[in-house]
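Remember, predicted model here, so these are calculated numbers, not experimental data. Naming convention: chains lettered A, B, ... in sequence-line order (proteins, then strands); numbering from 1 in each chain.
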2 protein chains.
Amino acid sequence: MTNKHVKEMEALKEHLGKHQLKLTRQRELILNAFLRQEHITAEAMYHQLAKADPHLGLATIYRTLNLFCDAGLAQARHFGSQTKYDNVSHKGHHDHLICTGCEKIVEFENEEIERLQEEVATRNGFTIKTHRLELYGLCSRCRH
Amino acid sequence: MTNKHVKEMEALKEHLGKHQLKLTRQRELILNAFLRQEHITAEAMYHQLAKADPHLGLATIYRTLNLFCDAGLAQARHFGSQTKYDNVSHKGHHDHLICTGCEKIVEFENEEIERLQEEVATRNGFTIKTHRLELYGLCSRCRH
DNA sequence: ATTGAAATTGATAAGCTGTCTCAAAATTAT
DNA sequence: ATAATTTTGAGACAGCTTATCAATTTCAAT
């Protein structure tokens, strides 16, 4: 279970090393839990991990998820008043169709769109590091 | 100045009429200020209108901008920890290139991308109401 | 293995953005 | 003008996230 996400663990360790940060029990715990999700809020993870470690603080979860963002493992997305942290290891899939009726999220990827994004960026002298595309609307069920 | 945005004013009046709401000095004031912007936060508008009306309350601005959203004149967008209200009359322009170095924001529009978005949505049974596309990277100046 | 400097944690206070409350004021229909 | 209803302004309040800080843990150097 702990050795399931070796690649991401290595990426985290590399980031920690580069920035004089330390690998802690909490960071390992949170990473493993995080990688099992597609996207999650800090609050949800807090409750989810309460069983595994009842003393794990909410602040630590926020700090750690933000650390994952710095390390390139996660990406924060502001949704309503909350922040959702996306699992970036499901790469190429981080565009979303979001139903404003039931909050359902469908992931998709579209190479043609990605290509056009590059084109726009180049035309404006930008080098894209990452992007975010969210389409909001109603799913077929909520439309009725 | 007051009769510059007649069309939007009419749209607002129609919405007010339909919902038993009243046209107030503040709503007119805020509408005119809002329509001069591409997008703005409630806080920014609060400071901007402080000269015109020092007693205009922040809550009123929030309420009014949300009212504009209901009326279809504005569109709320969560950006970082803040909410930006987009002027919908400048439609098609709400995609952004964001420099992570200097925080510069370049707006762009690309019809081809919009078309592909519709396609993806349709394929998944969604009806798009709005969308958000942000490309993060470095501008030419920050790359060096 | 021990030590010690530096980073991390947990608990909670504080901060920020946005909404709610409610008495006073403004609007609209009569 | 009057009355019924909505709106406003000011500040209290609430939800989410970050800052603070003493106590603990990590990790590199012994």
Min side-chain heavy-atom separation Gln117(A)-Leu133(B) under 4.5 Å = yes
Interatomic distance where [atom1] belongs to [X] and [atom2] belongs to [N] [whole Å]:
X	N	atom1	atom2	answer
Asn66(B)	dT17(C)	CG	P	16 Å
Leu21(B)	dA29(C)	CG	C1'	16 Å
Asp70(A)	dT8(C)	CG	C1'	15 Å
Leu29(B)	dT27(C)	CG	C1'	17 Å
Arg27(A)	dG10(C)	CZ	P	11 Å
Leu67(B)	dT19(C)	CG	P	13 Å

Determine whether Tyr136(A) and Ile128(B) fall in the same hydrophobic cluster, where Ile, Leu, Val, Met, Phe, Trp and Tyr are linked whenever their side-chain heavy atoms lie under 4.5 Å apart.
-> no
Check DNA chain C against residues 44-64 of chain B and give the residues with a non-hydrogen atom under 4.0 Å, in numerical order.
-> Ala59(B), Tyr62(B), Arg63(B)
Name the nucleic acid region contacted by Thr83(A), choosing base, sugar-phosphate or nothing; use a 4.0 angstrom heavy-atom cut-off, strictly under.
-> sugar-phosphate
Which part of the nucleic acid, if any, lies within reach of Gln20(A) when heavy atoms closer than 4.0 Å are counted: base, sugar-phosphate only, or nothing?
-> sugar-phosphate
5' to 3' contact window, DNA chain D with chain B (heavy-atom distance under 4.0 Å) = dT5(D) to dG11(D)
Do the charged groups of Glu111(A) and Arg115(A) touch, with an N to O distance under 4.0 Å?
-> no
Atom CZ of Arg141(A): over 12 foreign heavy atoms under 6.0 Å = no
His55(B) atom NE2, over 12 foreign heavy atoms within 6.0 Å | no
Side-chain N,O (Gln26(B)) to OP1/OP2 (dA26(C)) below 4.0 Å = no
Tyr85(B) and Phe34(B): ring-ring contact (aromatic ring centres under 6.0 Å, His included), yes or no, with the steps?
-> CA-CA 9 Å; Tyr85(B) 293 85; Phe34(B) 175 68; 7.4 Å; no
Looking only at heavy atoms, which two atoms of Ala76(B) and Cys69(B) are closest? And how far apart?
-> N-SG, 3.7 Å
Do the side chain of Lys22(B) and the base of dA26(C) come within less than 3.5 angstrom through a donor-acceptor pair of N or O atoms?
-> no
Can a donor-acceptor pair be found between the side chains of Glu134(A) and His131(B) at a distance below 3.5 Å?
-> no
Side-chain H-bond candidate by donor/acceptor type, Gln26(A) with Thr60(A), under 3.5 Å = no
